[in-house]
**Student:** 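Below is one structure. I have some questions about it.
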Amino acid sequence: MTTEKTLGFIGLGVMGEPMCRHLITKSSSPVVIFDLMPEPVGRLVAIGARAAGSAAEVARAADIVFVSLPSGKHLQALCEGPDGLIAHTAAGRTFVDLGTSPLKLSRELAARFEARDVAYADAPVARTRQAAEQGTLAVTVGASKPVFARLEPLLRCFASEVTHCGEVGSGQVVKILNNMVVVGTVAALCEAAAIAGSTGMDTKFLFDAFSKGSADSFALRNHGLKSVAPREFPLRTFSSEYMLKDISYALAMAQDAGITAKGAGRSEELLKLAVEKGFGAEYWPVIVRLIDGSADNPPPAKS
């Protein structure tokens, strides 16, 4: 894949660094980067990126600016104000939010960028850190058709699944509701594991049996068998705090629609309790410890 445009990348965390690495190595574009942490910047400069002194410098230098931040709150702070990206991104450029942000915020920021003749796309990524390293993420994109056409080859540098969901905001809707459904499914698996455990049945045996019947699912095979059954909840994966954020976005959409989402509300309660119990940084299927009663005496988290 080739392009002559300069790419910018802001936010080189657990997911951002490998995504940016794929852009550097798989596109022919110059890539200018910024992060508050010097270590990932140094690693990417070593393979060809150019470091900027600020996020605003990236916005001024790049034709397409990718941003990968932990939450909508961080994104809003980055975009607003005299030093924000809205003020420093020139007309004719494109802004891409790779994080998960509230629907309202995505639409509000899009309107403000577009008022300055800057195209906007929400392109939240899904799957794991390993998928980011391997370049096999899934991306749901909200953008106009012409903007999506420009972005798709670049997104495919780090994603094996790229879905155009509709206009701005629609990528966030799909990503947020996907996570809402996954948490609800895993919560049900955790309850089944706890009940089966009370009878003496091993969780892995239970889930293996599920995988042969109508309870089989992606959540069972990936979250259930790989995390809930072995009780492994590593750090630096998708944490309870991050998933709680996404569920709160889903509930905000439900509230705006006048819908009482009781299942999502229960998921929010479990994730809030996980954070209160000190599991906020651990992989979010740790909610099984709240359901099976082991939360008060957990083993140390694996890093």
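Numbers here are sequence positions counted from 1. What's counted below: heavy atoms across the whole structure, side chains too, no hydrogens, waters or symmetry copies.
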**Student:** Checking side chain to side chain contact (heavy atoms under 4.5 Å, CB included) between Phe66 and each of Val31, Leu155, Ile10, which is the one that passes?
**Tutor:**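 Only match with Phe66 under side chain to side chain contact (heavy atoms under 4.5 Å, CB included): Leu155.
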**Student:** Identify the heavy atoms of Ala143 and Ala121 that sit nearest to each other, and give their distance.
**Tutor:** CB-CB, 3.8 Å
**Student:** Would you say Arg107's side chain and Gly169's backbone share a donor-acceptor pair under 3.5 angstrom?
**Tutor:** no
**Student:** Does atom CD of Gln255 have more than 12 heavy-atom neighbours, drawn from other residues, nucleotides or ligands, at distances under 6.0 Å?
**Tutor:** no
**Student:** Would a hydrophobic clustering, with Ile, Leu, Val, Met, Phe, Trp and Tyr connected at side-chain separations under 4.5 Å, put Val141 with Leu23?
**Tutor:**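 Same cluster: Val141 reaches Leu23 through Ile, Leu, Val, Met, Phe, Trp or Tyr contacts under 4.5 Å.
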**Student:** Do Val139 and Phe158 have side chains that approach each other closer than 4.5 Å (heavy atoms only, starting at C-beta)?
**Tutor:**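 In contact.
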**Student:** Between atom CD of Gln172 and atom OG of Ser106, what is the distance when rounded to the nearest 0.5 Å?
**Tutor:** 4.0 Å
**Student:** Atom CG in Asp97, atom CG in Leu109: separation rounded to 0.5 Å?
**Tutor:**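 Answer for the CG-CG pair, Asp97 versus Leu109, is 8.0 Å.
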**Student:** Looking only at non-hydrogen atoms, find the nearest pair between Glu232 and Ser227 and report the distance.
**Tutor:**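 Residues Glu232 and Ser227, closest heavy atoms: O-OG, 2.7 Å.
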**Student:** To the nearest 0.5 Å, how far apart are CG in Leu85 and CG in Leu78?
**Tutor:**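 If we round to the nearest 0.5 Å, Leu85:CG and Leu78:CG are 4.0 Å apart.
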**Student:** Using distance alone, with no hydrogens and no angle criterion, decide if Thr100 and Lys175 have a side-chain donor and acceptor under 3.5 Å apart.
**Tutor:** yes
**Student:** Report the C-alpha distance between Asp83 and Ser54 in whole Å, list the side-chain angles of each, state the deciding distance to 0.1 Å, and finish with yes or no for side-chain contact (heavy atoms from CB on, under 4.5 Å).
**Tutor:** CA-CA 9 Å; Asp83 296 323; Ser54 66; over 6 Å; no
**Student:** Between Tyr249 and Val67, is there shared hydrophobic-cluster membership here, with clusters defined by ILVMFWY side-chain heavy atoms closer than 4.5 Å?
**Tutor:**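 The answer is no; the residues belong to distinct hydrophobic clusters.
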**Student:** Before giving the answer on salt bridge (charged side-chain N to carboxylate O under 4.0 Å, His left out), spell out for Arg112 and Glu108 the whole-Å C-alpha distance, their side-chain angles and the decisive distance to 0.1 Å.
**Tutor:** CA-CA 6 Å; Arg112 294 176 65 182; Glu108 289 168 2; over 6 Å; no
**Student:** Could you please spell out the steps behind the side-chain contact (heavy atoms from CB on, under 4.5 Å) verdict for Met253 and Val173?
**Tutor:** CA-CA 9 Å; Met253 286 196 295; Val173 171; 4.0 Å; yes
**Student:** Evaluate side-chain contact (heavy atoms from CB on, under 4.5 Å) for Ile176 paired with Leu103, printing each intermediate quantity in order.
**Tutor:** CA-CA 9 Å; Ile176 290 166; Leu103 175 60; 5.6 Å; no
**Student:** Linking I/L/V/M/F/W/Y whenever their side-chain heavy atoms sit closer than 4.5 Å, directly or via other members, would Leu220 and Met180 fall into one cluster?
**Tutor:** yes
**Student:** Following the transitive rule for hydrophobic clusters with a side-chain heavy-atom cut-off under 4.5 Å over Ile, Leu, Val, Met, Phe, Trp and Tyr, establish whether Leu7 and Leu69 coincide in one cluster.
**Tutor:**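 Not linked; separate clusters.
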**Student:** Given side-chain contact (heavy atoms from CB on, under 4.5 Å), test Arg43 with Glu39 step by step and report yes or no.
**Tutor:** CA-CA 6 Å; Arg43 288 190 289 268; Glu39 293 82 5; 3.8 Å; yes
**Student:** Would you call Glu269 and Lys272 a salt bridge, taking side-chain N to carboxylate O under 4.0 Å as the test?
**Tutor:**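 Salt bridge: no.
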**Student:** Give a yes or no on whether a salt bridge exists between Lys277 and Glu282, defined as a side-chain N under 4.0 angstrom from a carboxylate O.
**Tutor:**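 Salt bridge: no.
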**Student:** How long is the straight-line distance from CG of Leu290 back to SG of Cys190, given to the nearest 0.5 Å?
**Tutor:** 9.0 Å
**Student:** Determine, stepwise, if the pair Lys204 / Asp208 fulfils salt bridge (charged side-chain N to carboxylate O under 4.0 Å, His left out).
**Tutor:** CA-CA 6 Å; Lys204 185 177 185 304; Asp208 280 336; 2.8 Å; yes
**Student:** Can you name the nearest heavy-atom pair linking Thr140 to Gly171, along with the distance?
**Tutor:**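 That would be OG1-O, 2.9 Å.
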**Student:** Evaluate the ring planes of Trp284 and His223, with Trp represented by its six-membered ring, and classify them as parallel (under 30°), tilted (30 to 60°) or perpendicular (over 60°).
**Tutor:**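 Plane angle between 30° and 60°, so tilted.
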**Student:** Identify which one of Thr237, Leu137, Val14 satisfies the side chain to side chain contact (heavy atoms under 4.5 Å, CB included) criterion when paired with Arg129.
**Tutor:** Val14
**Student:** Closest heavy-atom contact between Ser170 and Glu167?
**Tutor:**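 Smallest heavy-atom distance, with atoms named: OG-O, 2.7 Å.
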**Student:** Show me the pairs that pass ring pair (Phe, Tyr, Trp, His ring centres under 6.0 Å) and involve residues 81-100, at least two apart or across chains.
**Tutor:**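 Passing the test, one end in residues 81-100: Phe95-Phe113, Phe95-Tyr120.
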**Student:** Do Ser294 and Arg231 have side-chain N/O donor and acceptor atoms under 3.5 Å apart?
**Tutor:**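 Their side chains do not contain a donor-acceptor pair, so the 3.5 Å distance test is not met.
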**Student:** What pair of heavy atoms forms the shortest contact from His22 to Gly135, and how long is it?
**Tutor:** NE2-N, 3.3 Å
**Student:** Once you round to the nearest 0.5 Å, how far does CZ of Arg93 lie from CG of Asp117?
**Tutor:** 11.5 Å
**Student:** Quick one: do Met201 and Phe207 end up in the same hydrophobic cluster if we chain Ile, Leu, Val, Met, Phe, Trp and Tyr together by side-chain heavy atoms under 4.5 Å apart?
**Tutor:**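 Linked within one cluster.
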**Student:** Please determine whether a side-chain nitrogen of the Lys or Arg among Arg156 and Glu152 lies less than 4.0 Å from a carboxylate oxygen of the Asp or Glu.
**Tutor:** yes
